[in-house]
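These numbers come from a predicted model, not from an experiment. Order of appearance sets the numbers: ligands from 1, and atoms from 1 within every ligand.
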Amino acid sequence: MASQGTAELRRLLARPYPWVKKPFIVGAPMRIMAGPQLAVAVSAAGGLGFIGPQAKPDQLSADLDKARELVAASTSLRHPLLPVGVGFQVWNGDLKIATSDVEKHKPCAVWLFAARNGQPELDEWTVSLRGASRDTQVWIQVGTLSDAIAAVNSSTPPDVLVIQGSEAGGHGMVKDTAGTMVLLPEVADAVKESGIPVVAAGGIIDGRGAAAALALGAAGVAMGTRFLASSEARIAKGYQDEVVRASDGAKNTLRTQLYNHLRGTFGWPEQFSPRTLINRSWVDHEAGVPFEKLQVLHDEAAKSGDAGWGPEGRLATYVGAGVGLVRSVQGAGEIVENVRTETRDVVKALSDDL
Ligand SMILES: Cc1cc2nc3c(=O)[nH]c(=O)nc-3n(C[C@H](O)[C@H](O)[C@H](O)COP(=O)(O)O)c2cc1C
């Protein structure tokens with residue numbers, strides 16, 4: 001395998017973001033939970049932070065105003081564009097509002113995910129957002145080899161491809177997918193000739209995971225679940241306590257639409273479903289308790305504050321299968337720095353020994 005090729009892809013990925021240190025660490029966009037505080041803290045530590053979608057498309061603008069304010073107050077972030085990215089869920093996004101936000105705030109990158117109608121819809125968003133801000137890089141997150149190939153062969157390919165393995169927290173492919181360990185190298189090989197760098201997402205929690213992803217062909221790594229346990233995440237304490245407490249993601253997480261429906265969210269394209277911690281809502285659902293009854297119990301739990309989460313709780317607790325590796329809440333900057341150092345240490349220890 002030509003290592004020169006992957007080094008060049010790492011350079012290509014990094015070029016538009018001169019403040020980002022090696023290895024390239026990304027704070028993934030997480031709906032509501034990755035707000036401006038988290039995204040700016042990740043970028044300020046030499047990573048690239050993404051703001052996630054808000055509950056409603058027209059609420060993003062306030063987050064971008066706040067990000068701008070935080071960047072202005074930061075001593076380390078000076079860049080002509082806004083040095084954070086913005087994530088859009090295409091299926092329920094509003095392209096007109098997104099285009100006007102990107103035109104106004106000029107984020108350095110946009111991250112598109114979950115189109116109902118596949119690549120043609122992603123192309124429509126890409127063209128519109130590039131028209132709004134020429135230098136904003138377009139990142140597209142996919143979870144299958146065929147979607148990765150469709151993206152790089154499209155008439156308007158992305159600047160960066162994010163490969164999401166099935167370990168990932170939040171929404172991902174229901175089927176036709178695989179873990180990062182096998183999906184990532186197969187996609188990296190398949191798209192190498194395109195010259196589009198690949199960023200890995202799904203199950204990366206520490207420097208071991210990051211080093212593995214880089215070895216498998218990623219030019220950078222994105223983490224979501226790990227940043228749920230950051231001081232800057234926009235998350236309830238009960239939820240965050242669960243992220244730190246939970247272990248054995250293989251046994252204690254699964255993908256289901258149940259919690260979306262309990263929260264009143266319907267309409268996700270059928271190929272996607274969120275990974276969540278199992279709690280009473282799921283256990284009772286499996287035992288045959290009707291949805292209407294689950295909903296009443298869920299809505300009561302929602303009124304109980306932080307007690308609504310936990311094994312006996314009933315609220316959605318979207319996390320990745322790597323949740324058991326998240327053991328404490330830290331500042332986002334500290335997380336970026338720790339993962340960076342661990343990654344280097346892992347790679348060095350292996351190269352000294354092999
Ligand atoms: C709570 C949560 C919310 C998420 N929301 C989004 C989102 O709005 N848009 C998106 O593209 N990805 C979203 N993701 C997925 C992340 O972009 C990323 O693929 C994932 O977190 C990587 O796996 P990890 O959680 O194992 O690090 C979310 C993930 C989590 C945990």
Next on the checklist: Check this for me: Arg245, atom CZ, are more than 12 non-hydrogen atoms of other residues, nucleotides or ligands nearer than 6.0 Å?
Outcome noted: yes

Next on the checklist: Measuring from non-hydrogen atoms of Gly203 to any atom of ligand 1, is the shortest distance under 4.0 Å?
Outcome noted: yes

Checklist entry - Counting heavy atoms only, which of Gly202, Gly224, Gly320 is nearest atom 23 (O) of ligand 1? => result Gly202

Checklist entry - What orientation do Tyr17 and Trp19 show, parallel under 30°, tilted 30 to 60°, or perpendicular over 60°? => result perpendicular

Item to check | Gln257 CD: over 12 foreign heavy atoms closer than 6.0 Å | outcome: yes

Checklist entry - Nearest non-hydrogen atom to atom 15 (C) of ligand 1 belongs to which of Ala28, Gly169, Gly170? => result Gly169

Checklist entry - Can you check whether Val244's main-chain N or O pairs, donor with acceptor, with Asp241's side chain at less than 3.5 Å? => result no

Next on the checklist: If the contact criterion is a heavy-atom separation under 4.0 Å, does Gly322 count as touching ligand 1?
Outcome noted: no

Checklist entry - So which of Lys104, Lys106, His105 actually passes side-chain contact (heavy atoms from CB on, under 4.5 Å) with Leu64? => result His105

Item to check | Gln141 N/O under 3.5 Å from ligand 1 N/O | outcome: yes

Checklist entry - Which residue and non-hydrogen atom of the protein lie closest to atom 10 (C) of ligand 1, and at what distance in Å? => result Phe113 CD2, 3.5 Å

Checklist outcome for this item: heavy-atom search around atom 13 (C) of ligand 1 in the protein gives Pro29 O, 3.1 Å

Item to check | For Met30, the ligand 1 atoms whose distance to one of its heavy atoms is below 4.0 Å | outcome: 2 (C), 3 (C), 4 (C), 5 (N), 6 (C), 28 (C), 29 (C), 30 (C), 31 (C)

Next on the checklist: I'd like to check which ligand 1 atoms, numbered from 1 as shown, lie under 4.0 Å from a non-hydrogen atom of Tyr318.
Outcome noted: 1 (C)

Next on the checklist: Can a donor-acceptor pair be found, under 3.5 Å and without considering hydrogens, that links the side chain of Arg314 to the backbone of Glu300?
Outcome noted: no

Item to check | Residue Glu286 excluded, over 12 heavy atoms near CD under 6.0 Å | outcome: yes

Next on the checklist: Using the side chain to side chain donor-acceptor pair (under 3.5 Å) criterion, which residues pair with Lys66? Sequence neighbours excluded.
Outcome noted: Glu69

Checklist entry - Can you find an N or O of Arg226 that's nearer than 3.5 Å to an N or O of ligand 1? => result no

Checklist entry - Considering distance alone, does some N or O of Trp111 sit under 3.5 Å from an N or O of ligand 1? => result yes

Checklist entry - Is there a heavy atom of Gly87 sitting under 4.0 angstrom from any atom of ligand 1? => result no

Checklist entry - Where does Gln164 meet ligand 1, judged by heavy-atom distances below 4.0 Å: at the side chain, the backbone, both, or neither? => result side chain

Checklist entry - Nearest 0.5 Å, what's the CD1-CD1 distance between Ile32 and Ile235? => result 11.0 Å

Checklist entry - Counting each atom of ligand 1 from 1 as listed, which ones have a heavy atom of Arg31 under 4.0 Å away? => result 3 (C), 4 (C), 5 (N), 6 (C), 7 (C), 8 (O)

Checklist outcome for this item: ligand 1 to Ala201, heavy atom cutoff 4.0 Å, flagged ligand atoms 19 (O), 22 (C)

Next on the checklist: Less than 4.0 Å is my threshold; does some heavy atom of Tyr239 fall inside it relative to ligand 1?
Outcome noted: yes

Checklist outcome for this item: Those residues at least two apart in sequence (or on a different chain) that pass ring-ring contact (aromatic ring centres under 6.0 Å, His included) with Phe113 are Phe272

